[in-house]
Amino acid sequence: MSQVVTRFAPSPTGYLHIGGGRTALFNWLYARGRGGKFLLRIEDTDRERSTPEATAAILRGLTWLGLDWDGEVVSQFERRERHAEVAREMLARGTAYKCFSTKEEVEAYRAAREAEGASYAVFQSPWRDADSSTYPDAPYAIRMKAPRTGETVIEDQVQGRVVIKNETLDDMIVLRSDGTPVYMLAVVVDDHDMGVTHVIRGDDHLNNAARQQMVYDAMGWTVPVWAHIPLIHGPDGKKLSKRHGATGVEEYQAMGYPAAGMRNYLTRLGWAHGDAEIFTSDEAMKMFDLSGIGRAPARLDFKKLENTCGHHMAMAEDAALLHELEAYLVSAGRPALTETQRARMQNALGFLKKSAKTFPELMEKAAFLLADRPIVPESKAAEALDTVSRGILSALTPRLQNASWTREALEPILTEIAAENGIGFGKLAAPLRAAIAGRSVTPSVYDMMLTIGRDETVARLADAAR
RNA sequence: GGCCCGUUCGUCUAUCGGUUAGGACACCUGGUUUUCAACCAGGUAAGAGGGGUUCGACUCCCCUACGGGCUGCCA
C-alpha cells in the first residue's frame, strides 16, 4: 500500500482559525498514525488578501498546537506557472477551451436566464465548440470543458456517496484572461504534484469537490480520497465567528489552555472512538480514523475544553509544564517568572497541576509563591489574624526553626500547637493561610510551606505575628 | 431561487433493525477534606415533526421544519 500523504492548505488572510486548526489536526493525526506525510501549503494566490503576517501567524498557531509538517511550506502563488501549464495542457487535450466571453457578457447571460424564470443559470459559453478560425484577437479565459450530462459522484469518507448532476455545473474557468490560475485548478494541480492521497478539509468544499474531480479526470490523474468534515459552530449553533469569542488558535494559547489539552479536545470535537475521552496524541494517532468523524457540525464547549485541559495539565511532566507555562506568560503579555519564583514553581508544580485546568488558574493558585514579603493580607484573610491567632503564630515560629522540613515532620508540630490551644486544625489553618499567602483560599498549608522553604515560612509567620 | 449536507440528553458523542438508548462535560445531591479546588458515590436529562418499509426502527425510505454550505475571471 502506498504511503498516506495529507495536507493542510489555509489561505493566509488572517490568523489560524480554530476550525482550521482542527482540520490541520485531523490531517496530522491521520498521516502520523499511518507513517505518512503531513504537508503544508499556503494558498496565497489571492494577492489582495494574502499577507506574510498571516502566514507567520498560521505557522505559529500550528507550531503551538504541536502539529509539525513535513518538508518545506509550499506557496501556491509561486507555482502559478505550473498551474498555467496544466491549463494549456488541458487545452491541448481538448478538455478545456478558450473562452472570449467577457465578464459582462457572462453576467448578462445569467441575468437573461433568470429573467426567463430559470431557477438557476449555468453559463453556456458560445466558444465551447467554436472553430479556432473564428477566434478574435482578444484576451480569453481558459474554461474547462465539463460534461454537460450525467453526474459526478464524490465518494466521501465522511459524507458518503454524494451525487452532483453535471448539468448544474458550468464550465469553470481554470485560467483567467490575465493568465493567472484560478484556485480550483491550483488545488488540484498542487495536490496531485505533491502526491496528496487524502484530502481532509472543511465541508464548505464538498460541492467544489465535484468540479475538482472533473479536473482530475480531465488530466487522467488519480482522484484522492475525499473526506469533508463539518465546520465548527458557536454555542448557539451558528457558524463560529468573532461574536462567539475566541476564534483564533493563538487566542486560546493566550487564554492559557495547554496545547495537549487543546489537541485532545479538538480531536474529540466531531470525532469519536467508542468511549475514549482523554488520550495522548500518540494514542489519538493510533485510534484516529475517517469513519469516526461525525457528519453534523459540532459546537464549541468551553467547559469541556477546560475539563480536558485539566486532565492534561495533571498528566504533564513538571519540566515540560514549566516550559509551557513560561511560553504562556509571554503570549499573554504577563511578566516572566523571576529566579526565585521559578525555583518555587518547580517545587510546587507537582501539586498545583493536579487542580488547575488552565495556566491562569495555575498562576492564581500559585499566588502565594509569586508574592514577596511582606505579605499584605486581603481583608478576608486579615480577619483570621486576630490577637489570639497572632499569639499562636509566634509560639509556632520557634518550633519550626529546628524542624526538618518535610510534611512528616511538620504535621505533628502543627497538630500539636492546635491541640495546645484547644482548637481544631481548621482553625489553625486560617491564620496560617493568611500569614503565608495573605489569602483565605490557598493550596494546602503544608504544600505552601514546603514550597517556599523554612526561612521564608518563618519570616512570613513572624511578619504576621508582629 | 437551485443544488448539496446535516438533525440522539443543555453540549461532545456511542449505537451500525431487537439495548432498561451507553459514556464524557455541565448541572443537582451526598461523601471526603484544612479553605477553594481536586477526588469518590449517586441523580436529573435525548432519538426535530409526520408518513411509510418491517414481526420489530434512533438505525432504511419519503415529506415537512430547522440549521449549514455551495451557487464568482474569491479562496
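Chain A is the first sequence line, chain B the second, and so forth, proteins listed ahead of strands; every chain is numbered from 1. Because the structure is predicted, anything quoted here is derived from the model rather than measured.
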message: If only side-chain N and O atoms count, and only distance matters, is there a donor-acceptor pair under 3.5 Å linking A:Gln213 with A:Trp226?
response: yes
field: Length of the line joining A:Glu378:CD and B:rU35:C1', which is rounded to integer Å
entry: 13 Å
message: Heavy atoms only, 4.0 Å cut-off, all strands: where does A:Ser177 land among base, sugar-phosphate and nothing?
response: base
field: A:His273 NE2 to B:rA24 P, straight-line distance once rounded to whole Å
entry: 17 Å
query: Is the phosphate of B:rA38, meaning OP1 or OP2, less than 4.0 Å from a side-chain N or O of A:Lys357?
result: yes
message: I need the CZ-P distance between A:Arg268 and B:rG23, as an integer number of Å.
response: 14 Å
query: With rounding to whole Å, what would you report as the distance between B:rC58 and B:rG52 at their P atoms?
result: 15 Å
query: Paired with B:rG1: which nucleotide, if any, by Watson-Crick or G-U wobble criteria at under 3.5 Å for both distances?
result: B:rU71
message: Quick check for you: among B:rA26, B:rU34, B:rC73, whose closest atom lies nearest to any side-chain atom of A:Asn307?
response: B:rA26
- prompt: P atom, B:rU8 versus B:rC3: distance in rounded Å?
  reply: 25 Å
- request: Return the nearest nucleotide to the side chain of A:Arg143; candidates are B:rG23, B:rG10, B:rC73.
  value: B:rC73
message: Heavy atoms only, 4.0 Å cut-off, all strands: where does A:Ser125 land among base, sugar-phosphate and nothing?
response: nothing
field: Value in whole Å for how far the C1' atom of B:rC3 lies from CD of A:Gln159
entry: 15 Å
- prompt: Counting any heavy atom closer than 4.0 Å, what does A:Pro443 reach on the DNA or RNA strands: base, sugar-phosphate only, or nothing?
  reply: base
- request: Please state the P separation for the pair B:rU29 and B:rG22 - nearest whole angstrom.
  value: 24 Å
field: Nearest listed nucleotide, side chain of A:Asn207, among B:rC36, B:rC70, B:rA75
entry: B:rC70
field: Spacing of A:Glu277 atom CD relative to B:rC25 atom P, expressed in whole Å
entry: 7 Å
message: Counting distance alone, no hydrogens or angles: does the base of B:rU35 have a donor or acceptor under 3.5 Å from a partner atom on the side chain of A:Arg439?
response: no
message: Given the structure, check if the side chain of A:Arg295 and the base of B:rC5 hold any donor-acceptor pair shorter than 3.5 Å.
response: no
message: Just N and O in the side chain of A:Arg110: are any of them under 4.0 Å from OP1 or OP2 of B:rG72?
response: yes
query: Is A:Asp44 touching bases, backbone alone, or none of the nucleic acid, heavy atoms closer than 4.0 Å?
result: nothing
message: At 4.0 Å (heavy atoms only), tell me whether A:Val162 reaches a base, stays on the sugar-phosphate, or touches nothing.
response: sugar-phosphate
- request: Look at the side chain of A:Lys304 and the base of B:rA26, then say whether one donor and one acceptor between them are separated by less than 3.5 Å.
  value: no
message: Whether the A:Thr267 and A:Asn264 side chains hold a donor-acceptor pair (N or O, under 3.5 Å, no angle test) is what I'd like checked.
response: no
- prompt: Heavy atoms under 4.0 Å, any strand shown: does A:Gly270 hit a base, just sugar-phosphate, or nothing?
  reply: sugar-phosphate
query: Which nucleotide in the set B:rU13, B:rC4, B:rU34 lies at the smallest distance from any side-chain heavy atom of A:Ala298?
result: B:rU13
- request: Rounded to whole angstrom, note down the C1' distance from B:rC9 over to B:rC25.
  value: 12 Å
- prompt: Looking across every strand, which nucleic acid part, if any, lies under 4.0 Å from A:Lys365 by heavy atom: base, sugar-phosphate, or nothing?
  reply: base
- line: By the Watson-Crick or G-U definition, both distances under 3.5 Å, B:rA65 is matched with B:rU7
message: As a test of reading the structure: which of B:rC4, B:rG67, B:rA37 is closest to the side chain of A:His233, going by heavy atoms?
response: B:rG67
message: Nearest to the A:Val441 side chain among B:rC4, B:rC36, B:rA37, which nucleotide is it?
response: B:rC36
message: Using the side-chain hydrogen bond (donor to acceptor under 3.5 Å, both in side chains) criterion, which residues pair with A:Trp69? Sequence neighbours excluded.
response: none
message: Need one value for A:Leu206: base, sugar-phosphate or nothing, where a base atom within 4.0 Å counts as base even if backbone is also close, heavy atoms only.
response: sugar-phosphate
- request: Give one of base, sugar-phosphate or nothing for A:Tyr265, where a contact means two heavy atoms less than 4.0 Å apart.
  value: nothing
task: Select base, sugar-phosphate, or nothing to describe what A:Val187 touches, counting heavy atoms under 4.0 Å on all strands.
output: nothing
Atom C1', compared across B:rA45 and B:rG23: separation rounded to whole Å: 14 Å
- prompt: Which part of the nucleic acid, if any, lies within reach of A:Thr45 when heavy atoms closer than 4.0 Å are counted: base, sugar-phosphate only, or nothing?
  reply: sugar-phosphate
